[in-house]
Every structure is written in structure tokens, then in C-alpha cells.
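Proteins come first, then strands; the chains are lettered A, B, ... in the order of their sequence lines, and each starts at number 1.
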Number of protein chains: 2
Amino acid sequence: MLARLPGMGRRSARRAALKLLQDPGGLMLPLAQSLKDTAEAIRPCSICADIDTQDPCRICTDPSREQDVVCVVEGVSDLWALERAHVHRGLYHVLGGVLSALAGVAPEDLRIRELTERIGAGEIREVILALPATVDGATTAHYLTDRLHVLAPSVTVTRLAQGVPMGGALDVMDDGTLAAALKARRPV
Amino acid sequence: MLARLPGMGRRSARRAALKLLQDPGGLMLPLAQSLKDTAEAIRPCSICADIDTQDPCRICTDPSREQDVVCVVEGVSDLWALERAHVHRGLYHVLGGVLSALAGVAPEDLRIRELTERIGAGEIREVILALPATVDGATTAHYLTDRLHVLAPSVTVTRLAQGVPMGGALDVMDDGTLAAALKARRPV
């Protein structure tokens with residue numbers, strides 16, 4: 001079971017298991033209890049699908065956040081990354097994946113209907129597509145842009161800038177990034 | 001001597017040395033000759049400082065390239081990276097480094113005078129600052145922008161876009177990149 005955790009191979013799982021077995025009272029039972037409590041306490045937010053102990057989640061119910069800007073992300077890990085960076089002061093919408101012909105992910109497999117319903121409610125001014133800079137991410141962004149332009153032409157749809165990452169040396173960048181960075185160059 | 005090459009440790013240098021010693025006629029002498037010939041043939045371009053066997057270099061003398069757009073890079077490896085990506089159709093200017101208070105690199109240590117002379121000649125319309133996305137790179141870009149605005153206000157100074165690189169998953173990006181990508185988001 002432990003070996004099914006990400007970052008745990010069979011070898012490290014064995015080490016972790018031995019550590020637990022050597023201290024059942026001090027580590028194993030508290031961990032079991034803590035996992036059980038957390039599993040029972042968490043639920044996905046019915047609005048944005050973030051994982052929290054309350055529904056709607058802390059972000060959706062925070063009155064200090066901009067209520068009219070929604071950042072669309074692929075998964076909860078992306079939402080957490082943006083929150084860690086303290087860069088987005090609006091709300092989120094977790095899609096639960098990106099469209100993929102290869103993996104057989106269709107629009108109805110993602111939380112796209114929920115997104116269109118949120119936008120149909122009419123309080124959203126801007127939708128930021130913070131999807132991964134991959135082919136599937138770009139496909140999903142295209143699809144969403146088309147849907148949103150038809151559904152709510154007044155809503156601004158933006159996407160994250162592509163270019164050279166912070167600290168990036170040019171000579172280790174891939175061609176696509178260099179091309180995007182040069183194409184989207186800006187006056188200083 | 002071999003161990004002073006980048007990517008060569010003492011161990012791999014010993015392996016390379018043994019390989020050379022075991023085949024003096026087939027490998028060692030041809031390599032020596034080839035290194036000697038190349039060392040004698042190459043020279044830095046007196047205009048852009050690219051390394052070539054002719055001066056001015058093949059890029060500076062290519063009439064099919066845009067003569068009025070100059071891309072400023074830190075080093076020759078950056079120039080080669082941009083050429084590999086086939087993304088820039090203008091000319092280049094190699095600075096030979098970036099300003100650095102820590103490493104004691106001052107403006108006069110870089111090829112900045114040569115750049116201002118090129119721009120003073122009056123045929124340049126745009127200067128693209130393709131400097132690394134580091135603190136020193138940004139400092140150098142600021143310095144050059146100020147100098148160029150005073151010297152030639154009609155020349156457009158641009159810099160590469162910063163943001164998420166191609167194929168980039170959001171949850172592994174650093175905070176600075178996420179902030180830059182979100183700030184520079186663009187309508188789709």
C-alpha cells in the first residue's frame with residue numbers, strides 16, 4: 001500500500017513500513033488515526049473543486065478575494081502552486097484534467113459544464129486559463145476559449161504568458177520556448 | 001589539459017586520454033591537426049563578436065537577414081541557441097557577459113561601446129535584449145535600455161517574454177515565473 005504513494009518505491013516503502021512497525025504506538029496508530037480523520041473531513045468544493053474541510057472552500061468563501069476573476073487550472077496541485085506563489089487574488093476553477101484524444105479525455109469528463117454555469121451566472125469579468133503549456137493544455141484552452149466566446153462574449157479570456165522562466169539561461173531553453181519568448185517580446 | 005574541458009571530469013579525461021594514446025595515428029594526430037587548424041582559422045566577428053572563420057561573420061554579411069533588428073545576447077552560446085531555433089532573422093550583438101557587482105563586471109568590460117556605436121550609425125530600428133532572466137541579466141537590460149533611450153530615442157528596445165516555458169507544468173514552476181506569467185497574461 002505504501003509503495004503506491006507517489007515518490008515511494010518498493011525499497012523506500014519497505015523502510016517506511018519497518019519504521020512504522022518498530023513504533024506502533026508512537027507513529028503507526030497516530031498516522032492511522034490522522035489519515036482516517038482527514039479522509040472523513042475533506043470534501044471537494046462544490047464550486048471550484050479544491051480540496052478543503054469545508055464546502056464551499058476557504059477560497060470561494062473569502063470575501064477579500066476578487067469575486068469576478070476566475071483562474072482555470074488543470075488540477076488541485078496547480079491551484080496550490082499558484083496559492084503558494086501568492087500571485088492570484090481571485091477565485092479558481094479546477095477542471096480535473098485536460099482534453100486528450102490519446103488518453104480519451106472528452107469535454108464531458110472535465111468540469112467544463114460547471115465552469116459554463118458559473119460564468120452563465122454573470123458575475124465573472126475575466127477567466128484566466130492557467131493550463132499547462134503542453135499540446136493538450138493548448139487544445140483545452142482553445143476549446144474553452146471558443147465555448148466562452150459564444151456563451152459570454154463580454155467575459156475577457158486570458159492565458160498565462162509563455163516565455164523564458166525566471167533564472168533561465170537562454171542556451172538551455174528548447175526551441176519552442178525561445179520562439180514563443182521572441183515572438184511575444186515586449187517594449188521596455 | 002583534457003580535464004579542463006567542460007563536462008570532463010578527471011575520470012572521463014583519463015578515459016579519453018587512454019583512448020587517444022591507444023590510437024595515436026588514427027585519432028590523436030588528426031585531432032591535434034584539426035584543433036590547430038581551427039584555432040588558426042577562427043576569429044571573433046568585429047561587428048557582433050560571433051566566432052566564425054571569416055570576419056565579418058556569415059550572419060553579419062548575410063543580405064537576406066533583417067539589417068535593422070539587432071538581438072543582444074550575453075554570449076556566443078546564446079547566439080547559437082537562437083540560431084538553432086531559427087527564431088531570429090535579424091543580426092546579433094554578443095556582449096561577452098552581463099553586468100555583475102559581485103563578479104566585478106562593469107559596463108566597460110562588456111561590448112557596450114561597440115553596441116552604442118552600431119546604433120549610433122543609425123540603421124537599427126529595433127534592439128531585442130535577449131539576456132538571461134537572472135538578476136544580473138535584468139540589471140544589464142535596465143542599464144542598456146537607459147543608455148539606448150538617451151542615445152537613440154527612436155530605436156525600439158524590446159525584451160524576451162517571461163513566462164511558463166513550453167511543456168511546463170504549473171505545479172513545478174517557481175513563484176517568480178508564475179507571478180511573471182500571470183502578470184503578463186494575454187487575451188486569447
Close approach to chain B in residues 177-186 of chain A, criterion heavy atom under 4.5 Å: A:T177, A:L178, A:A179, A:A180, A:A181, A:L182, A:A184, A:R185, A:R186

Worked verdict on A:D23 versus A:K19 for side chain to side chain contact (heavy atoms under 4.5 Å, CB included): CA-CA 7 Å; A:D23 189 5; A:K19 177 85 179 170; over 6 Å; no

Toward chain A: residues of residues 48-80 of chain B with heavy atoms under 4.5 Å: B:S77, B:D78

Most chain A-contacting option - heavy-atom pairs closer than 4.5 Å, from B:A169, B:G176, B:G167, B:A141: B:G167

Under 3.5 Å: donor-acceptor pair, side chain of A:T140, backbone of A:D136: yes

Single-linkage hydrophobic cluster A:M166~A:M173, side-chain heavy atoms < 4.5 angstrom: no

Heavy-atom pair with the smallest gap, counting every atom of A:Q22 and A:P24: C-CD, 3.6 Å

Side-chain heavy-atom pair A:T134, A:V98 within 4.5 angstrom cut-off: no

Whether over 12 other heavy atoms sit under 6.0 Å from A:R15 CZ: no

Nearest-0.5 Å distance, NE2 of residue A:H93 to SG of residue A:C45: 10.0 Å

Under 4.5 Å from any heavy atom of chain A - which part of B:H149: side chain

Point-to-point distance, once rounded to the nearest 0.5 Å, from CD of B:Q162 to CG of B:L160: 8.5 Å

Residue selection (most heavy-atom pairs with chain B, distance under 4.5 Å) from A:P165, A:A81, A:G137: A:P165

Toward chain A: residues of residues 27-41 of chain B with heavy atoms under 4.5 Å: none

Between CZ on residue B:R14 and CG on residue B:L2, distance to nearest 0.5 Å: 12.0 Å

Nearest-0.5 Å distance, CZ of residue B:R89 to NE2 of residue B:H86: 9.0 Å

Heavy-atom side-chain contact between A:Y92 and A:L82 under 4.5 Å: yes

CG on B:L91 to CD1 on B:I47, rounded to 0.5 Å: 8.0 Å

For chain B, which residues of residues 102-133 of chain A have heavy atoms nearer than 4.5 angstrom: A:E126, A:I128, A:A130, A:L131, A:P132, A:A133

Hphob cluster co-occupancy, A:L99 + A:V150, side-chain heavy atoms under 4.5 angstrom: no

